[in-house]
There are 2 protein chains.
Amino acid sequence: MNTQREVDEFVKNGHREYLPHVSIDSVIFGYHDQQLRILLLRWRGLEGWGLPGGFIRRREPLSQAAHRILQERTGLEDLFLQQFHVFGDTPYRVRERSPEEFIEKYGLDIGHDNWLFERTLSIGYFALVDYSKVTVRTDFFTDAYQWWEVGEIPPLLFDQNEEVEKALATLRLQIYHQPIGYNLLPEKFTIPEIHSLYETILGKELDQRNFSKKLLALGLIRKLDERRAIGPHRSPYLYQFEKEAYEEALKQGIVHTY
Amino acid sequence: MNTQREVDEFVKNGHREYLPHVSIDSVIFGYHDQQLRILLLRWRGLEGWGLPGGFIRRREPLSQAAHRILQERTGLEDLFLQQFHVFGDTPYRVRERSPEEFIEKYGLDIGHDNWLFERTLSIGYFALVDYSKVTVRTDFFTDAYQWWEVGEIPPLLFDQNEEVEKALATLRLQIYHQPIGYNLLPEKFTIPEIHSLYETILGKELDQRNFSKKLLALGLIRKLDERRAIGPHRSPYLYQFEKEAYEEALKQGIVHTY
DNA sequence: AAATTATTCCGTAAAATTTACGAATTGTGA
DNA sequence: TCACAATTCGTAAATTTTACGGAATAATTT
């Protein structure tokens, strides 16, 4: 959706193709260089940042819509994607920016009763990706993107800071029940890398020796016979996730600490 | 909504008062006589059971809608109520029963394009109540209610068995992170009572001696100087939840086993 | 070639928590 | 007063978590 014609069609007749009153917002977590970051888009003209999102096609299964929206935005086909909350306690979210402003800034030929200005619930999904593999695409409404550190998220449009907070809280809780990392790390990784990932997500220090012991004891990772050169230091061994054990743990859930 | 006139109005013009395409379904867990049960309503004419539910008013905050719907149905004002999932992967859920059948069974004067037959996402909430305190109200569409044991839920209308399963799974996971019981037990309860509640929810045995030690160590309950007469046996002491510690644990979350 | 430096990684002991279970206590009816 | 069934107390064993000393290692510098 990038030409003016496509946008006009979407704005005027989108409610025929998509379900009105419901949207999907995605909090996309990326990890790279020992940083946990979130992908934000800058809305053209509004001078503000917001979460990538989209609408659900009228005959499209919900989870499929979420995957489609992520795919369109990041190019990633197969990623960890999970619903975490529905936001709908602020009935007139979009009105924070008036329809007038919106219509003017984007040069749209529509009225205040357009479907986009109606009450909308946001279904929040969060995704975990390796952000070096992502190719972000902006669209008509957005002109820039940026990976923001989770501790430095700016005030977002449409009350979306609450959504980011909730996503982060869900991720932190979930890490105690489910393995995380498969979608955030390269296929082969070192102990220091995954250790740092967990520390970053949980926001606290973990003893590296005990941490790796734990992951091995749970059977979630396997040591390889290769090492990674990291400059003037001892080369750490590479590890891989044990696919079966990982999947099993995802399904069953595990109760433990790190 | 019980008179024919009210129903006609709701069916014909409900989409003006309520948001179309979205509904709330509630899985109401009740506990009594050492049984964990779920409240189901029988749909008049359709010969089937379903979850209590309702729609969101156009200007009503989502969580308020969920509380209102529960209140209308059970008479309870203040209860534990929590969103757990949005269901929307089966785009044409209601079509399992055809519009024709629906229209005929309820004697409605509407077309197949009525808003009630459009694609609808269900936002699932679950509630915890003491079911001896509940006064259930049926409405025009339903003619009976019953508290069903969680292990014996019949096939439900509209694919709602999946929702019940998910609610139960969420409850079982949550019990490892948050205290549960305040809304399911009377104000004063005995160790055997709360012990049995936890066993019922988790579906497995817990050593009673260790269980009560744990709750006391966490500071969640306080022993009272009263006892409950339970027939020809030693009278157990009564306990109360420590409100502050309980609230704190609810907010912060706890990581532990029982 | 040896020394230096920063980092990985192995192993063990102490502390804390969880699990297991024996036995005393108690309220009521026979 | 005895028997019974259920509650409650207490302690020891097993397991898990936490803490941390010190060896190994890969370049780079001397």
Side-chain angles (χ1 to χ4, degrees), chain A residues 33-34 175-177 179 181 185-186 188-200 202-240 245 249 252-258, chain B residues 33-34 175-177 179 181 185-186 188-200 202-240 245 249 252-258:
Chain A
D33 282 344
Q34 310 205 350
I175 207 171
Y176 286 116
H177 287 287
L185 295 170
K188 297 173 180 180
F189 52 87
T190 66
I191 291 291
E193 282 167 353
I194 191 174
H195 172 240
S196 157
L197 167 66
Y198 274 68
E199 281 193 338
T200 305
L202 289 172
K204 67 178 183 187
E205 295 197 348
L206 304 170
D207 185 288
Q208 202 192 71
R209 294 162 289 194
N210 295 331
F211 174 77
S212 67
K213 245 185 296 182
K214 184 87 185 195
L215 284 186
L216 284 167
L218 288 169
L220 290 175
I221 58 174
R222 176 180 57 243
K223 187 176 178 178
L224 301 176
D225 219 16
E226 310 165 56
R227 312 176 139 207
R228 164 167 299 161
I230 54 160
H233 307 298
R234 175 171 179 176
S235 306
Y237 283 97
L238 288 169
Y239 288 76
Q240 250 184 347
Q252 295 297 321
I254 40 186
V255 181
H256 63 126
T257 59
Y258 284 103
Chain B
D33 283 343
Q34 312 205 349
I175 206 171
Y176 287 115
H177 287 286
L185 294 170
K188 298 172 180 179
F189 52 87
T190 65
I191 290 291
E193 282 167 353
I194 190 174
H195 172 240
S196 157
L197 167 65
Y198 273 68
E199 281 193 338
T200 306
L202 289 173
K204 66 177 184 187
E205 294 197 350
L206 304 171
D207 185 289
Q208 202 192 68
R209 293 161 290 191
N210 295 331
F211 174 78
S212 66
K213 245 186 296 182
K214 182 89 187 193
L215 284 185
L216 284 166
L218 288 169
L220 290 175
I221 59 174
R222 176 179 58 244
K223 187 175 178 178
L224 301 176
D225 218 18
E226 312 166 55
R227 312 176 139 208
R228 165 167 297 162
I230 54 158
H233 306 297
R234 176 173 181 176
S235 304
Y237 282 97
L238 287 170
Y239 288 75
Q240 250 184 348
Q252 295 297 322
I254 39 185
V255 180
H256 62 126
T257 59
Y258 284 104

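The chains referred to below are lettered A, B, ... by the order of the sequence lines, with proteins before strands, and numbering in each begins at 1.
- Of the candidates D/dT8, D/dT17, D/dT18, D/dT17 carries the atom nearest the A/Lys214 side chain, counting heavy atoms from C-beta on.
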Inset, instruction - Going 5' to 3' through nucleotides 22-30 of chain D, assign each nucleotide B (protein heavy atom under 4.0 Å from a base atom), S (under 4.0 Å only from sugar-phosphate atoms) or - (no protein heavy atom that close). - result: --BBBSS--
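- Between the CD atom of B/Glu205 and the C1' atom of C/dT19 there is a distance of 14 Å, given to the nearest Å.
- In this structure, B/Phe211 and B/His195 have tilted ring planes: the angle between them lies in the 30° to 60° band.
- Note: CG (A/Asp207) to P (C/dA13) measures 17 Å, nearest angstrom.
- Between the OG atom in A/Ser212 and the CG atom in A/Leu206 there is a gap of 11.5 Å [rounded to 0.5 Å].
- Here the closest heavy-atom approach between residue A/Gly181 and residue A/Leu197 is recorded as CA-CD2, 3.9 Å.
- In this structure, A/Leu215 atom CG and D/dT17 atom C1' are separated by 15 Å, rounded to whole Å.
- B/Asn210 places its CG atom 14 Å from the P atom of D/dG10, with the value rounded to the nearest Å.
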Inset, instruction - Report the C-alpha distance between B/Glu226 and B/Lys188 in whole Å, list the side-chain angles of each, state the deciding distance to 0.1 Å, and finish with yes or no for salt bridge (Lys or Arg N to Asp or Glu O under 4.0 Å). - result: CA-CA 10 Å; B/Glu226 312 166 55; B/Lys188 298 172 180 179; 2.9 Å; yes
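- Rounded to a whole Å, the NE2 atom of B/His195 is 12 Å from the P atom of D/dT8.
- Rounded to whole Å, the distance from OH on B/Tyr237 to P on D/dA6 is 19 Å.
- As rounded to whole Å, 8 Å separates atom C1' of D/dG10 from atom NZ of B/Lys213.
- Between B/Phe211 atom CZ and D/dG10 atom C1' the separation is 19 Å, expressed in whole Å.
- In this structure, CG in B/Leu215 is found 5.0 Å from CD1 in B/Ile194, a value given to the nearest 0.5 Å.
- Looking only at distances, a side-chain donor or acceptor of B/Thr200 sits under 3.5 Å from a matching main-chain atom of B/Ser196.
- A/Lys223 comes within contact range of the sugar-phosphate backbone alone, with a heavy-atom separation under 4.0 Å but no base atom that close.
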